[in-house]
Amino acid sequence: MQSDRRDGVRVAVTGLGLVTPLGLDRATSWAALLAGRHGAGPITRFDASAYRTRFACEVKDFDPETFIERKKVKECDRFIQFALAAAQMAWQDAGLGASLGPVARERMGCIIGSGMGGLETIERQYEVLKARGPSKLSPYFVPSTIANLAAGQVAMRLGLRGINYCTMSACASGAHAIGEGFRLIARGLQDVMVVGGAEASITQLGIGGFNAMLALSTRNDDPAGASRPFDAGRDGFVMGEGAGVLVLESYERAVARGATVYAELVGYGATDDAHHLTQPAPEGEGAQRAMAQCLAEAGIDPEVVGHVNAHATSTPVGDVQEAQGLAAIFGAHLPAVAVAATKSMTGHLLGAAGGVEAAFTVLSLHTQTVPPTANLTAPDPACALSLSTEARPVSMRYALSNSFGFGGTNVSLLFARCER
Amino acid sequence: MALNDVEQRVKAVIAKNLDVPLANIRLESEFIKDLGADSLGIVELSLAFEEEFDIDIPDEKSDRIKTVQDAIDFIYACAK
C-alpha cells in the first residue's frame with residue numbers, strides 16, 4: 001500500500017453491483033467482459049425502423065420485480081429500476097446489514113448520477129398529455145423522471161439517512177458521483193457512501209437525439225462490430241444502458257468489521273476543457289489535468305500505474321484525444337500501461353458508464369486481470385496504446401478509470417490494490 | 001351497469017393497482033388506512049377508475065372518495 005500522504009480518511013471499496021448489457025449481476029457481467037462478449041443487438045425497446053441507428057446494447061431479460069415490489073415498479077423509470085437493482089446487490093456484497101442503527105445511518109449517504117434521467121417516462125407521459133389532456137398525467141411522472149430519484153429510492157430502500165443527491169454531468173455523471181462520495185468520506189463527513197450511475201436512454205428521443213448529433217455508429221448490418229474504440233474503422237458510439245454502483249467506506253471501518261476490501265480509492269481528478277460543446281480539447285488537455293490531479297492526490301508517479309480503463313467511446317475524434325492525453329501523462333511509460341476500452345463490449349452507458357467502468361477497474365485490480373478490447377482489427381495508428389483483444393494478467397498496484405462528458409467535463413478516478 | 005358488476009370491477013382495479021389480495025378488499029376499507037395507498041397512489045387509482053369505466057372524476061370529487069364503497073357509489077352514479 002502506498003504511503004498515505006493525504007490528511008484525510010482512507011477510502012475502501014467494499015461492495016460492487018452491476019446491471020449491464022452483458023449481464024444482470026456483477027459475476028455474469030465480468031465473466032462476459034473477460035470472454036470478450038458484446039451486448040449489441042437490434043433495438044427492441046421501441047420500433048426503431050425509421051432511425052439512422054437501429055441497434056444498441058440493451059439490458060436483456062431484466063425483471064424489476066426481482067428487486068422492487070410490484071406496486072412500486074410504476075414509481076420508477078427504468079433507470080431507477082437499474083439503480084435499485086445495482087445498489088441492492090452492492091449493499092449485499094458489502095455485507096452491511098439491517099443491524100445498523102439510525103444514528104449510524106445518518107453518516108451513510110448516496111449519490112447516483114444519471115446523464116438523462118427518465119427519458120422513456122417523459123416520452124410516454126407527453127403522449128398521454130397530447131392525446132388525452134393534462135388531467136390524465138400520472139402522479140408518478142415527476143418522481144420517476146427526475147434524475148435524483150435514483151439516489152432517493154436507493155436511500156429509502158437501504159435506509160441511508162445521510163447526504164443524498166444526483167450528479168448530472170453527461171457521460172461523467174457516474175464518475176463524478178463516485179468522486180464526490182470519496183471526498184465526503186475522506187473529509188470525515190460520511191462513513192459509508194453508495195455511489196455510481198444509472199441510465200436507460202435507449203428510447204426514441206435518446207437514439208434520435210444522439211443520431212441528430214451524428215454521435216452514434218450506424219453500422220446497422222453489424223451491431224456486434226459497431227463499438228470499436230481505438231480501431232481505424234470506428235464511426236461513433238453504441239448506446240448502452242444499465243447501472244454500476246459501488247459501496248465506499250472508510251478503510252478503517254471496513255477493516256474493523258472484517259469486510260472484503262476490493263480496492264482503495266486514492267485519487268479523484270475533475271476538470272473542464274472550457275473549449276467546445278461536445279468535442280474534447282486538443283490533446284485531451286482537460287483529461288490530462290484530471291489524470292494528473294489523481295496522481296498528485298495519491299502522491300504517486302505515473303510509472304506505478306499499470307492499467308487504464310479508458311473513456312474510449314468509439315467516436316472518431318474522442319478516442320484520439322484521449323490517446324494523446326494518455327501519451328502526455330505517461331510518456332515513455334505508456335507502452336507498459338495496459339489500456340482497456342470496455343465500451344467495445346458494453347456499449348456506452350452514458351451517465352452509468354463511470355459507475356460500471358469504475359467497478360470494472362476495481363475488479364481488474366482485485367483479480368490482477370485487464371479485460372480485452374473487442375473489435376480491434378485495425379488499430380488506429382493515431383491511438384498507439386497497449387491494447388489487447390484478449391483478457392490479460394497484469395501485475396499492478398494502481399489503475400485509472402476515465403470518464404468524460406459533453407460540456408468538456410473530465411473525471412479520473414485512481415484506485416489502488418489492497419494487499420492484505 | 002349492474003351495481004354488482006361495478007363492485008367487482010372496482011375491486012379488481014384496486015387489487016391490481018395497490019397490489020393487495022381481493023379477499024382483503026372490503027366495502028368499508030379505506031384506501032390509505034387499510035389498503036396501503038399514499039396520496040400519489042390515490043391519484044393513480046383515480047386515473048385507473050377513469051380508464052376502466054371511461055368516466056371523469058374531478059379532483060374535488062376524488063378528494064371525497066376514501067373508501068371502496070365511496071368509489072362504487074360515485075362510479076355507479078356516473079354510469080347511470
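So that the names make sense, note that chain A is the first sequence line, chain B the second, and so on, each numbered from 1.
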Check: every donor-acceptor pair under 3.5 Å linking chain A and chain B:
{"residue": "Arg70(A)", "atom": "NH1", "partner": "Asp19(B)", "partner atom": "OD1", "Å": "3.1"}
{"residue": "Lys71(A)", "atom": "NZ", "partner": "Gly36(B)", "partner atom": "O", "Å": "3.0"}
{"residue": "Lys74(A)", "atom": "NZ", "partner": "Asn17(B)", "partner atom": "O", "Å": "2.8"}
{"residue": "Arg132(A)", "atom": "NH2", "partner": "Glu51(B)", "partner atom": "OE1", "Å": "3.1"}
{"residue": "Lys136(A)", "atom": "NZ", "partner": "Glu50(B)", "partner atom": "OE1", "Å": "2.6"}
{"residue": "Lys136(A)", "atom": "NZ", "partner": "Asp56(B)", "partner atom": "OD1", "Å": "3.4"}
{"residue": "Ser138(A)", "atom": "OG", "partner": "Glu44(B)", "partner atom": "OE1", "Å": "3.1"}
{"residue": "Tyr140(A)", "atom": "OH", "partner": "Gly41(B)", "partner atom": "N", "Å": "3.3"}

Item to check | Results of ring pair (Phe, Tyr, Trp, His ring centres under 6.0 Å) for Phe67(A) - residues two or more places apart only | outcome: none
Checklist entry - Distance-only, no hydrogens or angles: does the Lys130(A) side chain make a donor-acceptor pair with backbone N or O of Val128(A) under 3.5 Å? => result no
Next on the checklist: side chain to side chain donor-acceptor pair (under 3.5 Å) for Glu120(A) and Thr203(A)? Distances and angles first, verdict last.
Outcome noted: CA-CA 6 Å; Glu120(A) 190 174 73; Thr203(A) 72; over 6 Å; no
Checklist entry - When the aromatic ring centroids of Phe46(A) and Tyr51(A) are compared, is their separation below 6.0 Å? => result yes
Checklist entry - With no hydrogens and no angle check, is any side-chain donor or acceptor of Thr28(A) less than 3.5 Å from a backbone partner on Asp25(A)? => result no
Checklist entry - Between Glu241(A) and Ser201(A), is any side-chain donor less than 3.5 angstrom from a side-chain acceptor? => result no
Item to check | Engaged part of Leu47(B) at the chain A interface, taking heavy atoms whose separation is under 4.5 Å | outcome: side chain
